[in-house]
Each structure stands twice: as C-alpha cells, then as structure tokens.
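Worksheet: one structure, shown below.
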2 protein chains.
Amino acid sequence: MPPRTKSNLTPSQPHLSPLSRFSLAEDATARIRRAIVSGELAVGAALPETGLAEQLAVSRVPIREALMAMEQEGLVEFDQRGRSRVRAFSEEDFEELFSMRCTLEVMAARLFAKRMTKADVETLEAMIDGQQATQNLTALSLLDVAFHERIIQAARHRPLAVCWKTIRSQIEYWLARAHRAQADRHLSSVDLTVPGHRRLLADLCRGSEAKAESAMRLEMATWREWLPA
Amino acid sequence: MPPRTKSNLTPSQPHLSPLSRFSLAEDATARIRRAIVSGELAVGAALPETGLAEQLAVSRVPIREALMAMEQEGLVEFDQRGRSRVRAFSEEDFEELFSMRCTLEVMAARLFAKRMTKADVETLEAMIDGQQATQNLTALSLLDVAFHERIIQAARHRPLAVCWKTIRSQIEYWLARAHRAQADRHLSSVDLTVPGHRRLLADLCRGSEAKAESAMRLEMATWREWLPA
DNA sequence: GGAGTGAAGACTGTATACAGTCGACGGAAA
DNA sequence: TTTCCGTCGACTGTATACAGTCTTCACTCC
C-alpha cells in the first residue's frame, strides 16, 4: 500500500465506501434471529432480557431493541407482562404466512415486469448461478429467499418492501425447519430450485404483467407443495 | 356502589375487565403519532429524543421506543446517524401507499366474504350509523379508517393485520392532510362515505369472493379519486 | 388440611449516567 | 481571503441504577 499523506485525501478519492457500523442492537437482532431460525432457541423458550444480555455481553438496552424488532418480524411474541418468548407457529399460521407471501409476491411480480432494469436481471441471473453452485441445503434456502427478496427490491415499492420484511424471517424459519425435518429428501432441491427460478425470471422479463403474475403464482404453488406441513 | 368486603372478591366476579395499563412508551407513541397526523409536527421537523422527553415529561427510553414504532408505521424516518425526523411524503409515496392499501384490502375483502360472522356485520353496521351521525370531518376520517380496519380484523388473518398496521397511520395522515387542505369542499363527505360503506358491506356479505373483491376495488377507486393529490 | 399471608426472587419499565461522534463556529496560518 | 484545525455543543448509543409488579413458596391460623 502506498504511503498516504494528507494531501492524497482528496474529496474525489474513489472506491472507499463508508464504513458500515452496526450497532449492538443490530448485532443482537441478527444473532437472536439466527438462533431462532436455526432452532438453537426452541419454540416457546423464554427470552429474558437479563439472560440474553449476559450471554451476548451487552446491556439490556440493545436486547430490548432487538426483541421489539423480532416481534415485528413475527419470530418473538410478548405476553401481557412484557415477557418475550420464541413464537410458536401453528399449522394455520403457516397457511396464513403462505397466503400473505403469495399476495405480496404477486404484487411484486407485476411491478417488476413494469420497472425492471437490465442491471436487475443481471443480478438475479448471477444469484441463480450462485444457487446452482450450492450444495449446502441451509445456504440454498437462504439464497432462495434472497432471490425473491431481490425481486421485491427491484419492484421499487417502499410499502411493499416494508410488508415483506414482516414475513421474511418467518419464511426463513419455515424453510430451515423443513430442512431439519427431512434433510435427506431434499438433496435434489437444487435441481428443483434453479430451473424454477430461471423460468420465473424469464417470464417476469417478458414485460407482461399478467404473465408475470401467473409465473409467480406457479412459483408460489411449487414452493407450497414442496414444503411439508 | 355496594360496600365490598374481601369475601365478595371471588374469581367469578363478573364485569370487571382488567385495568389496561398503558406504558409511557405507548402513551408517547400515541401522542407523537397524533401530533404528526394532525400537522402539529411539521413535515421534516427534527425529533430529538431529549427535546421530546422534556416536552412529554418522561425519560429518553420511552421516547426511543415510540420513535422506533413510528418508523415502522412510516411516519418517522431515521438518518444515518440515528436522528429522527417527521417523514416527508412525495407524490410517488402516496401512489405507492394507495396501491399497497388496495392490495391488502382486496385480500381482506375476499377473506371477509369467507369468514365473516353475524357479529362482524352487526358491528360494521353500527359503525356506519356512527359515521352517519358525525359532522366533524376529522372524526369522520378516523371512523372511515376504523371501519376498514374492522373489516381487516374480521378477515382474521394475522400477517395481513400486521401489514395493515404498517400503512394505517400513513393513510390517516393523508386523510387529515386532505381535510386541512380543503375543509370546505368536503362538508358533504358524509353523504359520500356512508352510502359507499353501506353498499360495500352489502356486497361483502353476499359470500362471493369475486363480488367482494370488485366491491372493494370500487371503494378503493372512490377513495383514490376523492382524495386530492 | 386448607385458605389466607407475607417475604423473597425474577423480571420488566423507566430514569439517569457516561462515552463517543458529528457538525458548527471561530481563530490562526498560508 | 481561504484553508486548516481545534474546541464546543448537541445528540445518540449504551450501561447502570432504581422502582414496581407478579409469582412462588413456606408458614400460620382457622
């Protein structure tokens, strides 16, 4: 690295994206989310602020923020007294989650068909290639969700993105849960996911809202059937 | 009130709903929300935690919670440094809000057609009667939103209710804003709202999902046209 | 034995204290 | 005059302290 004097630090200095500083609250949120999605924290487990603060070696303040964020994501629920637990999902919860996802993703598909850019498509293609190269099931499910999220981002619709955030973690939870339940059966899931995504992307790119909608409905139905109850 | 001795306090004591204790954070949220919706807090105004805490005579902790909740509701936004401001809405924001509302309410209408109970319908009818009796424009707009929220509650779909909560306050904001802008023109809005709601409710009760959807789309279109940009 | 009672512990809600960052402003040097 | 630099003030992020509530459980009194 060349020696850098003050005079080298001009405003036009390129390629130095600002340091991203995560707060302790954000870190705690990510850590707790991962613990719930992975099953490390069992369903119904109590989440006392003091205990979590001790484990994560921070004060209760960032933990409180994290728990409130996780409630918004639907992974944590509070009782009347303010105590939080890992949310227990019922069969009905899953059906509701699925129908909500369907509604939001169909809306996203129509918007995508109208608004997509070349860069969007290239990014998505690259993501599919990344899925192709994956053998790890957990990683594949995360990439799967990330792919759909990218479509929603490309829809460039702020309220839609906010709504999506309220169900995204729950979808990850269900996928991870399914994988844990029958890791063996799904070893071929790459062969299922990748062509499905390629076809979906191709249909979304035709520019027809109606075609985009039906393609997304097909993708949703596939996901629904694939996922055990 | 009859004198009450300890022996009268049996578990079967009726009609004493538990005291609802609002936390300072909830109170602060409601107060700040009202201030933004009513225009008391101007668009773009800084919302320093210290200042709000002083005004509301609480510490910064409940204020922080309130601001985070308001961000989720879309009325407050944070900059990179964590400072919050009253969100500024653009014309595009309004269009996005409207299309999101349309998607969610159509979904709710279909669910309502399937799941409504007699009690739901009676409640909604009573709400319409309440609107009929209103002359105050601000009160009417709140009742209008409450009516639609009641339909969504009757849809009994948890993720849908969560998504609705992310846009509800923004809708109230736009309605209040419209009323402030042209309070005179809308003195006849009762005559517009009440029959519209009656017709909507009647169509939702026919039990046909398709009819419910088209009725709700009509209601949304009416709202859209009625609301100035 | 059973119901009432009181003290202890666990936990949240709220307040206060502390630390670090960023921007504004003003003064000094080129 | 312009630029650089340092100080100050405002504000957030985090930690710690305090207060109040609910549960539990043993104990006492009937």
Side-chain angles (χ1 to χ4, degrees), chain A residues 4-13 16-32 41 44-72 75-87, chain B residues 4-13 16-32 41 44-72 75-87:
Chain A
R4 193 170 62 186
T5 67
K6 284 174 189 173
S7 57
N8 281 345
L9 268 175
T10 66
S12 59
Q13 190 94 0
L16 286 178
S17 57
L19 305 172
S20 70
R21 291 164 304 179
F22 290 102
S23 67
L24 295 185
E26 287 169 317
D27 286 345
T29 304
R31 184 69 188 79
I32 297 173
L41 279 170
L47 299 172
E49 293 174 3
T50 311
L52 291 174
E54 219 166 287
Q55 287 184 52
L56 299 185
V58 296
S59 77
R60 279 175 53 209
V61 179
I63 299 294
R64 277 180 76 82
E65 280 190 32
L67 290 175
M68 290 188 296
M70 300 298 297
E71 187 203 18
Q72 193 61 37
L75 294 185
V76 162
E77 54 191 2
F78 288 86
D79 64 17
Q80 281 182 327
R81 281 175 54 192
R83 289 172 307 187
S84 46
R85 326 176 65 79
V86 178
R87 179 174 163 201
Chain B
R4 195 169 62 186
T5 65
K6 284 174 187 172
S7 56
N8 280 345
L9 267 174
T10 64
S12 58
Q13 190 94 359
L16 286 178
S17 57
L19 304 172
S20 69
R21 291 164 304 181
F22 290 101
S23 67
L24 295 185
E26 286 169 317
D27 286 346
T29 304
R31 183 71 187 77
I32 297 173
L41 279 170
L47 299 172
E49 293 174 5
T50 311
L52 291 174
E54 218 166 287
Q55 287 184 52
L56 300 185
V58 296
S59 77
R60 280 176 53 209
V61 180
I63 300 295
R64 278 180 75 84
E65 282 190 31
L67 290 175
M68 291 189 295
M70 300 297 298
E71 188 204 18
Q72 192 61 37
L75 294 185
V76 162
E77 56 191 1
F78 287 86
D79 64 15
Q80 281 181 328
R81 281 173 58 190
R83 290 173 307 187
S84 47
R85 325 178 67 79
V86 178
R87 179 173 161 200

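By convention in this document, chain letters (A, B, ...) are assigned in the order of the sequence lines, proteins followed by strands, and residues within each chain are numbered from 1.
- Within the structure, a side-chain polar atom (N or O) of B:S59 is placed less than 4.0 Å from OP1 or OP2 of C:dA15.
- We find that CZ of A:F22 is positioned 18 Å from C1' of C:dT21, with the value rounded to whole Å.
- With values rounded to the nearest 0.5 angstrom, B:I32 atom CD1 is found 6.0 Å from B:L56 atom CG.
- The residues B:R64 and B:E49 are annotated as salt-bridged, a charged nitrogen and a carboxylate oxygen being separated by less than 4.0 angstrom.
- Looking at heavy atoms from C-beta onward, B:V86 lies out of side-chain contact with B:V76 at the 4.5 angstrom threshold.
- The stretch residues 45-55 of chain B has no heavy atom under 4.0 Å from DNA chain C, so no residue of it qualifies as close.
- Rounded to whole Å, the distance from CD on A:E65 to P on C:dT12 is 16 Å.
- Put simply, the side chain of A:E77 does not reach to within 4.5 Å of the side chain of A:E71, judged on heavy atoms.
- Separating the CD atom of B:Q80 from the C1' atom of D:dC11 is a distance of 16 Å, rounded to the nearest angstrom.
- Of the inter-residue distances, the one linking A:L52 atom CG with A:L67 atom CG reads 6.0 Å to the nearest 0.5 angstrom.
- Nucleotide D:dG13 holds its P atom 16 Å from the CD1 atom of A:I63, rounded to whole Å.
- The 5' end of DNA chain C is approached more closely, in terms of each residue's nearest nucleotide, by A:L67 than by the other of B:V61 and A:L67.
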Nucleic acid footprint by protein, nucleotides 17-22 of chain D - heavy-atom cut-off 4.0 Å, B for base, S for sugar-phosphate alone: B---SS

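- Residues B:L41 and B:L47 are in side-chain contact: their nearest non-hydrogen atoms beyond the backbone lie under 4.5 Å apart.
- The CG atom of B:D79 sits 8.0 Å away from atom OG of B:S84, with the distance rounded to the nearest 0.5 Å.
- Per the geometry, CD belonging to B:E26 stands 16 Å off P belonging to C:dT12, to the nearest Å.
- Contact detail for B:A28 and B:P62: the closest heavy-atom pair is CB-O, 4.5 Å.
- Interatomic distance, B:T50 OG1 to B:R60 CZ, rounded to the nearest 0.5 Å: 5.5 Å.
- Taking only side-chain nitrogens and oxygens, A:R64 never comes nearer than 4.0 Å to OP1 or OP2 of C:dT12.
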